[in-house]
Visitor: 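Sharing a structure below in structure tokens format, with a few things to ask.
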Amino acid sequence: MVTLRFHQYQVVGRALPSEAEEHPKICRMKLWATNEVRAKSKFWYFLRKLKKVKKSNGQVLAINEIFEKNPTKIKNYGIWLRYQSRTGYHNMYKEYRDTTLNGAVEQMYNEMASRHRVRFPCIQIIKTATIPAKLCKRESTKQFHDSKIKFPSVFKKVRPPTRKLKTTYKASRPNLFM
Amino acid sequence: MPFKRYVEIGRVALVNYGKDHGKLVVIVDVVDQNRALVDARAMVRSQMNFKRLSLTDIKTDIKRVPKKRTLIEAMEKADVKNKWENSSWGRKLFVQKRRASLNDFDRFKIMLAKIKRAGLVRQELAKLKKENAA
């Protein structure tokens, strides 16, 4: 499988203990980032908006990567997100079919970038969930809920099996029909 | 010209690009328009883009997302391996691989064999020409 860019991390942190508060409340967040360092940074970004704590007066207690439990099973993922467009903030709900949650999140970021020109920093994932097939809302995911799915492959792209064998000129025209 | 080979559950496909190049896999489920969940006896079930697959004529009889054991049984029942090796496509690939793995001595032997065969053909041709001329 292709290496995915986004990893899911669980970050646990709290404010530093002080005389006023001996045992500050511990907060846990699940978020997506490309690496652990960025995950911690995003954690503080979100935590600042929720509590009066910054990285300088707080500590990360644990950061673990969350891996997909069933990467061989196709699931329908629903992603709720909040994004900043040129004119303001909007909420969105999007559905994706994929085998892993990280794959679906990557699809989401790619789609938001292409359809709405919204980049990674301007997107906040509110919630993700695996949706059973009955509750899917979007036609583009529902059309694959067919146990006897069958469609022809219309266009065959002829490719050399490795990029080493690529040549500029070919002796004959390729046959594009499957 | 209507389509004869469909992307469907149970269709056997040949991987034509990437790490698993040359392997026969069975399409086990369809993820979305571009990708299929694909499985074979010797590999972990994974998703693959349709662009990496060439559909074959062989089809196994499985339900959506079968267990690995069921899949292997279905592949045995449909006799995928034998059907592939006896098909003209399968045989051509085998010959290509054989030709690519020759060493110099093998190529020498082939050269001798080709010369011998051409000699025999020319003998027969000369005989037929003489009969015709006569």
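Note on naming: letters A, B, ... go to the chains in the order of the sequence lines (proteins, then strands), and numbering restarts at 1 for each one. Given the structure is predicted, the values throughout are model-derived calculations rather than measurements.
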Visitor: Are A:Thr72 and B:Leu37 packed together at the side-chain level, in the sense that at least one heavy-atom pair is separated by less than 4.5 angstrom?
Guide: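 No. Closest side-chain heavy atoms not under 4.5 Å.
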Visitor: Compare every heavy atom of A:Pro152 with every heavy atom of B:Phe3, then report the nearest pair and how far apart it is.
Guide: CG-CB, 3.4 Å
Visitor: With a 4.5 angstrom heavy-atom cut-off, could you sort out which part of B:Arg11 is near chain A: side chain, backbone, both or neither?
Guide: neither
Visitor: Quick check on A:Gln59: does its CD atom have over 12 non-hydrogen neighbours (other residues, nucleotides or ligands) under 6.0 Å away?
Guide: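 More than 12 within 6.0 Å, yes.
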Visitor: Does atom NZ of A:Lys94 have more than 12 heavy-atom neighbours from other groups under 6.0 Å away?
Guide: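 Above 12, so yes.
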Visitor: Might you confirm whether atom CZ of A:Arg38 has over 12 heavy atoms from other residues, nucleotides or ligands at distances under 6.0 Å?
Guide: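 Result for CZ/A:Arg38: open.
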Visitor: Look at atom CG of B:Asp61 and say whether more than 12 heavy atoms of other residues, nucleotides or ligands are closer to it than 6.0 Å.
Guide: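 Count not over threshold, so no.
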Visitor: Can you confirm whether A:Ile74 sits close enough to B:Gln47 that some side-chain heavy atom of one is under 4.5 Å from a side-chain heavy atom of the other?
Guide: no
Visitor: Does A:Lys54 have more than 12 heavy atoms from other residues, nucleotides or ligands lying within 6.0 Å of its NZ?
Guide: no
Visitor: Hydrophobic clusters here meaning ILVMFWY residues chained together by side-chain heavy-atom distances under 4.5 Å, can you tell me if B:Ile9 and B:Leu14 are in one?
Guide: yes
Visitor: Please determine whether the number of non-hydrogen atoms from other residues, nucleotides or ligands lying under 6.0 Å from atom NZ of A:Lys42 exceeds 12.
Guide: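 More than 12 within 6.0 Å, yes.
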Visitor: Only distances under 3.5 Å count here; give the side-chain donor-acceptor pairs of residues 19-29 of chain A to other protein atoms, sequence neighbours excluded, each with its distance to 0.1 Å.
Guide:
unit_1	atom_1	unit_2	atom_2	d
A:Arg28	NH1	A:Gln10	OE1	2.5

Visitor: Strictly less than 4.5 Å between heavy atoms, which residues of residues 89-99 of chain B line up against chain A? Please order them by number.
Guide: none
Visitor: Is there a path of hydrophobic side-chain contacts, each under 4.5 Å between heavy atoms of I, L, V, M, F, W or Y residues, that connects A:Val105 with A:Ile131?
Guide: no
Visitor: Any sub-3.5 Å donor-acceptor pair from A:Arg97's side-chain atoms to B:Val30's backbone N or O?
Guide: yes
Visitor: Begin with the C-alpha distance, continue with both residues' side-chain angles, and end with the deciding distance and a verdict on side-chain contact (heavy atoms from CB on, under 4.5 Å) for B:Phe50 and A:Lys156.
Guide: CA-CA 9 Å; B:Phe50 287 126; A:Lys156 173 174 81 164; over 6 Å; no
Visitor: Please lay out, stage by stage, how A:Lys73 and B:Asp29 fare under the test salt bridge (Lys or Arg N to Asp or Glu O under 4.0 Å).
Guide: CA-CA 9 Å; A:Lys73 186 159 166 264; B:Asp29 201 355; over 6 Å; no
Visitor: How about B:Lys81: does its NZ atom have over 12 heavy atoms from other parts shown lying under 6.0 Å from it?
Guide: no
Visitor: Looking only at heavy atoms, which of residues 140-151 of chain A get nearer than 4.5 Å to chain B?
Guide: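 Within residues 140-151 of chain A, the residues under 4.5 Å from chain B are A:Phe144, A:Asp146, A:Ser147, A:Ile149, A:Lys150, A:Phe151.
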Visitor: Under a 4.5 Å cut-off applied to non-hydrogen side-chain atoms, are A:Ser153 and B:Val7 in contact?
Guide: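 With C-beta onward as the side chain, the pair touches.
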Visitor: Might you confirm whether atom CZ of B:Phe108 has over 12 heavy atoms from other residues, nucleotides or ligands at distances under 6.0 Å?
Guide: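 Result for CZ/B:Phe108: open.
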Visitor: According to a hydrophobic-cluster definition based on side-chain heavy atoms being under 4.5 Å apart (Ile, Leu, Val, Met, Phe, Trp, Tyr only), do A:Leu31 and A:Ile126 belong together?
Guide: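 A:Leu31 does not cluster with A:Ile126.
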Visitor: Is there a side-chain contact between B:His21 and A:Thr162 in this structure, where contact means two heavy atoms from C-beta onward sitting under 4.5 Å apart?
Guide: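 They are not in contact (no side-chain heavy atoms under 4.5 Å apart), so the answer is no.
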Visitor: Mind checking whether A:Tyr45 and A:Phe6 sit in one hydrophobic cluster, side chains of I, L, V, M, F, W, Y counted as touching below 4.5 Å?
Guide: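 Hydrophobic grouping puts A:Tyr45 apart from A:Phe6.
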Visitor: Mind checking what makes ring-ring contact (aromatic ring centres under 6.0 Å, His included) contact with B:Tyr6, not counting sequence neighbours?
Guide: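 Partners of B:Tyr6 under the ring-ring contact (aromatic ring centres under 6.0 Å, His included) test: none.
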Visitor: So how far is it from A:Arg159 CZ to B:Arg52 CZ, rounded to the nearest 0.5 Å?
Guide: 6.5 Å
